[in-house]
Amino acid sequence: MINAIYGKKIGMTQVWDGDVLVPVTVIQAEPNVISQVKTKESDGYDAVQMAFGYVKPRRVNKPMQGHFAKAGIDPKKHLREVRVEDASELKVGDEQTVAAFTDIPKVDVTGTSKGKGFAGVMKRYGFRGGPGGHGAHFHRAPGSVGQCATPSRVFKGVRLPGHMGCDTVTVKNLEVVRVDEEQNLILLKGAVPGSKNGVVRVRKAKAL
């Protein structure tokens with residue numbers, strides 16, 4: 001069984017669950033087609049390669065055209081790999097749809113967080129900062145981070161200003177509010193990482 005599906009984040013809205021208004025994230029997960037099957041005998045591990053997303057044929061280079069032609073499927077925009085317990089039961093051309101998540105109460109969602117560019121320690125890590133008064137000369141700097149003569153250097157891993165965002169983030173145990181098989185939609189309670197139209201992976205929660 002494949003316990004994951006890939007799609008794109010459409011945005012957020014809210015739906016009624018009885019008398020409670022629930023904030024949800026809408027994920028559109030069109031059928032993922034298996035473009036390659038990997039087994040322990042051929043590759044050393046069991047996994048399937050999932051192809052999804054529309055792409056114009058002229059946008060696909062010749063090596064990828066040959067890859068899709070060998071699998072006998074239409075070219076897709078994205079390729080992702082999903083580990084499975086036994087790949088011998090699956091074959092190229094099989095589809096994974098949102099129907100597989102109809103009876104699953106909770107899922108883990110993985111996406112790429114929004115890029116924020118270069119950021120200081122207050123925005124990047126939530127540092128308190130210095131006094132805001134006019135007499136102070138220390139406002140948004142990180143403060144002392146090094147040592148004196150021994151070891152006379154800054155240790156690795158110290159929280160400093162730098163590039164913020166564009167990280168792989170996983171949010172666990174999100175509740176599945178609704179599954180719309182006709183429109184290939186999954187509605188999840190709460191927020192998921194990334195911006196609109198970003199690629200996300202929806203996987204059966206490991207805690208289940």
Side-chain angles (χ1 to χ4, degrees), residues 1-40 43 45-55 71 73 76-116 164-208:
M1 175 185 176
I2 305 174
N3 62 355
I5 190 171
Y6 285 88
K8 65 178 180 179
K9 176 181 175 181
I10 300 299
M12 292 195 70
T13 184
Q14 51 192 10
V15 295
W16 287 100
D17 184 9
D19 296 331
V20 180
L21 196 59
V22 180
V24 297
T25 301
V26 182
I27 296 176
Q28 186 176 37
E30 297 182 354
N32 291 187
V33 185
I34 296 179
S35 56
Q36 185 179 357
V37 177
K38 298 186 176 182
T39 61
K40 292 183 179 179
D43 299 274
Y45 62 99
D46 287 308
V48 291
Q49 187 185 78
M50 313 285 282
F52 60 98
Y54 171 76
V55 63
I73 63 175
K76 301 293 183 180
K77 186 175 183 179
H78 303 287
L79 290 176
R80 296 292 189 273
E81 194 171 285
V82 177
R83 288 289 190 105
V84 294
E85 293 183 359
D86 187 7
S88 61
E89 300 177 355
L90 304 168
K91 63 180 184 297
V92 174
D94 289 348
E95 291 187 347
Q96 172 81 331
T97 65
V98 297
F101 293 85
T102 303
D103 299 325
I104 295 179
K106 293 187 178 182
V107 295
D108 299 337
V109 181
T110 302
T112 303
S113 62
K114 292 182 180 180
K116 305 292 185 179
M164 181 179 179
C166 293
D167 297 319
T168 300
V169 181
T170 300
V171 178
K172 298 183 178 181
N173 298 323
L174 290 178
E175 180 183 342
V176 179
V177 177
R178 190 177 302 168
V179 175
D180 189 341
E181 297 183 26
E182 293 184 1
Q183 302 185 58
N184 301 311
L185 300 178
I186 302 177
L187 275 61
L188 304 176
K189 183 178 179 180
V192 304
S195 59
K196 291 182 180 180
N197 297 320
V199 176
V200 295
R201 180 186 68 179
V202 181
R203 180 188 63 194
K204 179 181 177 182
K206 287 189 174 182
L208 296 177

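Hydrogens, waters and symmetry mates play no part in the numbers below; they use all other heavy atoms, side chains included. Quantities reported herein were computed from a predicted structural model and do not represent experimental measurements.
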For Thr25 and Met12, the nearest pair of non-hydrogen atoms, with its separation, is OG1-CG, 3.6 Å
Looking only at non-hydrogen atoms, find the nearest pair between Asn173 and Asp108 and report the distance.
-> N-OD1, 2.9 Å
Ignoring hydrogens and angles, tell me if any N or O in the side chain of Ser113 forms a donor-acceptor pair with the backbone of Asp167 under 3.5 Å.
-> yes
Check: Tyr45 main-chain N/O paired with Asp43 side-chain donor or acceptor under 3.5 Å | no
Looking only at heavy atoms, the pair that brings Ala100 and Ile104 closest together is O-CD1, 3.5 Å
Which donor-acceptor pairs under 3.5 Å do side chains of residues 28-37 form with protein atoms, sequence neighbours excluded?
unit_1	atom_1	unit_2	atom_2	d
Asn32	OD1	Tyr6	N	2.8
Asn32	ND2	Tyr6	O	3.2
Asn32	ND2	Glu30	O	2.9
Ser35	OG	Gln49	O	3.3
Ser35	OG	Gln49	OE1	2.7

So which heavy atom on Thr97 is nearest to which on Ile5, and how close?
-> C-CD1, 3.6 Å
To the nearest 0.5 Å, atom NZ of Lys40 lies from atom CG of Asp86 at 8.5 Å
Distance (rounded to the nearest 0.5 Å) between Leu187 CG and Asp17 CG | 11.5 Å
CG on Asp180 to OG1 on Thr102, rounded to 0.5 Å = 10.0 Å
For Phe101, check ring-ring contact (aromatic ring centres under 6.0 Å, His included) against everything at least two apart and list the hits.
-> none
Lys8 atom NZ: more than 12 heavy-atom contacts under 6.0 Å | no
Out of curiosity, Cys166 SG to Lys116 NZ, how far, rounded to the nearest 0.5 Å?
-> 10.0 Å
Drop me the distance from Ile10's CD1 to Gln183's CD, to the nearest 0.5 angstrom.
-> 10.5 Å
Shortest non-hydrogen contact between Val82 and Met50, atoms and distance = CG2-CG, 3.9 Å
For the residue pair Arg80 and Arg201, establish whether any side-chain heavy-atom pair is separated by less than 4.5 Å.
-> no
Do other residues, nucleotides or ligands put more than 12 heavy atoms under 6.0 Å from the NZ atom of Lys38?
-> yes
Do any N or O atoms from the side chain of Thr170 and from the backbone of Thr110 form a donor-acceptor pair under 3.5 angstrom?
-> no
Is the side chain of Gln96 donor-acceptor paired with the backbone N or O of Ile2 at a distance under 3.5 Å, no angle test?
-> yes
For Asp103, does the CG atom have more than 12 heavy-atom neighbours from other residues, nucleotides or ligands under 6.0 Å away?
-> no
Rounded to the nearest 0.5 Å, how far does CD of Glu181 lie from CD1 of Ile186?
-> 10.0 Å
Closest non-hydrogen atoms of Pro193 and Lys9, given as atom of the first, atom of the second and distance, are O-CD, 4.1 Å
